[in-house]
Peer 1: 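Please find one structure pasted underneath; my questions will follow.
Chain letters run A, B, ... following the sequence lines, proteins first, then strands; residues in each count from 1. None of the values given here were measured: they were computed from a predicted structure.
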Number of protein chains: 2
Amino acid sequence: MNAVTPTPRRGRPPKAQAQLTRSAIREAALTVIDRDGIAAVSMRSVSRLLGVDAKSLYHHVADKDDLLDAVAEHLLGELTAPELTGELRADLTALAHEFRRVTLAHPEAASLVLTRQLSTLAGLAPIDAALSVLTHAGADPEQAVRLLRVLVAALVGMLLREVSAGPTFGSSDPTDIAVRQTALEGSGLPEVVACAPFLARFDQDGEFASGVDLVVDFVVSHLAVTHA
Amino acid sequence: MNAVTPTPRRGRPPKAQAQLTRSAIREAALTVIDRDGIAAVSMRSVSRLLGVDAKSLYHHVADKDDLLDAVAEHLLGELTAPELTGELRADLTALAHEFRRVTLAHPEAASLVLTRQLSTLAGLAPIDAALSVLTHAGADPEQAVRLLRVLVAALVGMLLREVSAGPTFGSSDPTDIAVRQTALEGSGLPEVVACAPFLARFDQDGEFASGVDLVVDFVVSHLAVTHA
DNA sequence: ACCTGAACACCGTTCAAGT
DNA sequence: ACCTGAACACCGTTCAAGT
């Protein structure tokens, strides 16, 4: 037996299989996501990566859903609120771009971060930072929450599009743009035809930046009116 | 044999099994979604409802993804652009609420409508309507597309939250509000604590309506500045 | 306390064969 | 043209048993 089963000392490569932990499982799941996409995540694929039986995972995560929540939560925790300057526009913009950075750091995991409703309080820190910016600019709590919600909705919507769009929605590749523009022009819908060149084109970085500018403008103007 | 297997004439109830069609499959899928949720959709569960073998579906849909696309596309097609009055604010608001109506008509299917990137041109009609409103208010094509994109992102973000939040995010039920408010107050984050009463509360209809008001305000002010 | 063998009730999809 | 039996390579999860 000793001859057949390898001794612990010279077992499989550095599988880090020393001890199965919740965080090791979470990291393995993220590795699978990055490598093969969110659809490839299964209790079996994750456990395979850890050199362990799938059922062992259940000692550390309640079920697959819990595992995905853990991943989402951890990624959101990577968001470090930039230090605030006190300048409304600059601070909101910085927060928005930091949110995007975190989301796009693992594009295949983005849908988790953007759509999971996290039940724990993790990732409440960025909310706090955003509220702080808004109230320091003169918003009362009720207004701050309302503005925050529209802001977050817009960011989530933009990032979700960016991440799930792939080349479908509009592209930065000239050939794709041409193809799509032709399709749009053949739709027979007058406004779509008129706007086709702009609908077909989608520059991810630029769209996000200008979208954030618009949304931040909006917040600024709302606070300026009420407060000045 | 004839004695055991029922004759075609008196087979199962009116399964509408007469002819398997793409649209019948699509409708069955929607029935499963409405009844048991999006996660319950499988080629097998859908085919079961139709009294047919799962593999038969492949003669009418390419694969499961194609089936879900068909459902999303069809639901989006239910959106009938309200007749436009020419008044920017009223028309945008009406479009937004019609989009919400369609989305929430089948809440369990909402994520399909909101996140699927439809490759066909179905559901381009509402885009056309929105662009029409914007250009009639004086936007040039480029600006119209940019405003449209922010607008859609905000709507998608808000609806996604509304649909996937359930009671997690904030509630209209007083007990839930109290529980959540207490949790938020225990977070130790100063702004979150200060805003807790408003963060804990979430009135779906009201939030959407006021969110739309804000976003529409934003579009109006942007067009007013440029155009007047 | 942690891991797994056996097991259950599922999946999506292909392909050759039937009508 | 349309449907299905047999089959393949998967799923998530439970539970009793092992260390």
Peer 1: Expressed in angstrom and rounded to an integer, what is the separation of B/Asp53 atom CG from C/dG12 atom C1'?
Peer 2: 12 Å
Peer 1: Of the nucleotides C/dC11, D/dT13, D/dA6, which one has an atom closest to the side chain of A/Lys55?
Peer 2: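 Shortest atom-to-atom distance from the side chain points to D/dT13.
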Peer 1: Can you tell me, in whole Å, how much space there is between the P of D/dA9 and that of C/dC10?
Peer 2: 22 Å
Peer 1: Between B/Ile127 and B/Leu131, does the side-chain contact (heavy atoms from CB on, under 4.5 Å) criterion hold? Intermediate values first, please.
Peer 2: CA-CA 6 Å; B/Ile127 297 288; B/Leu131 287 173; 4.0 Å; yes
Peer 1: Quick test of your reading of the model: are A/Asp205 and A/Arg100 salt-bridged, counting only N-O distances below 4.0 Å?
Peer 2: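 Yes.
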Peer 1: Any side-chain to backbone donor/acceptor pair from A/Arg180 onto A/Ala200? Under 3.5 Å, distance only.
Peer 2: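 Judged by distance alone, no pair lies under 3.5 Å.
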Peer 1: Identify, residue by residue, the members of residues 59-67 of chain B with a heavy atom below 4.0 Å from DNA chain C, and return them in order of residue number, or none.
Peer 2: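 Here the set is B/Asp63, B/Lys64.
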Peer 1: Can you give me the dot-bracket string for DNA chain C, 5' to 3', counting Watson-Crick and G-U wobble pairs with both distances under 3.5 Å, using [ ] for crossing pairs and | for partners on another strand?
Peer 2: ||.|||||...|||||.||
Peer 1: Which whole-number value in Å describes the distance from A/Arg44 CZ to C/dC8 C1'?
Peer 2: 11 Å
Peer 1: Any donor-acceptor pair under 3.5 Å linking the side chain of A/Thr103 with the backbone of A/Ala110?
Peer 2: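 Looks like no, no N/O pair under 3.5 Å.
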Peer 1: Does the distance from a Lys or Arg side-chain N to an Asp or Glu carboxylate O, for A/Arg26 and A/Asp66, drop under 4.0 Å?
Peer 2: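 Looking at A/Asp66 together with A/Arg26, the answer is no, because their closest N to O distance does not fall below 4.0 Å.
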Peer 1: Given atom CG of B/Leu57 and atom C1' of D/dC2, what is their separation to the nearest angstrom?
Peer 2: 13 Å
Peer 1: Look only at the side chain of A/Thr182 and the backbone of A/Ala178, and say whether a donor-acceptor pair between them is shorter than 3.5 Å.
Peer 2: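 Yes, A/Thr182 side chain to A/Ala178 backbone: donor-acceptor pair under 3.5 Å.
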Peer 1: List the steps and the verdict of side-chain contact (heavy atoms from CB on, under 4.5 Å) for B/Met158 and B/Leu155.
Peer 2: CA-CA 5 Å; B/Met158 290 195 291; B/Leu155 291 179; 3.9 Å; yes
Peer 1: Within the distance-only criterion (no hydrogens, no angle test), does the side chain of A/Glu98 pair as donor or acceptor with the backbone N or O of A/Thr80 below 3.5 angstrom?
Peer 2: yes
Peer 1: A/Ser56 side chain: which of D/dT4, C/dC3, D/dG12 is closest?
Peer 2: C/dC3
Peer 1: Round to the nearest Å and state the distance from A/Arg48 atom CZ to D/dC11 atom P.
Peer 2: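 Whole-Å distance recorded here is 6 Å.
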Peer 1: Could you check how far OH of B/Tyr58 sits from C1' of C/dG12, rounded to whole Å?
Peer 2: 4 Å
Peer 1: Could you state the CZ-C1' distance from A/Arg22 to C/dA1, rounded to the nearest angstrom?
Peer 2: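 From A/Arg22 CZ to C/dA1 C1': 17 Å.
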Peer 1: Taking the cut-offs as 6.0 angstrom to the six-membered ring centre and 45 degrees off its axis, would you call A/Arg146 and B/Phe198 a cation-pi pair?
Peer 2: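 Not flagged: A/Arg146 not positioned over aromatic ring of B/Phe198.
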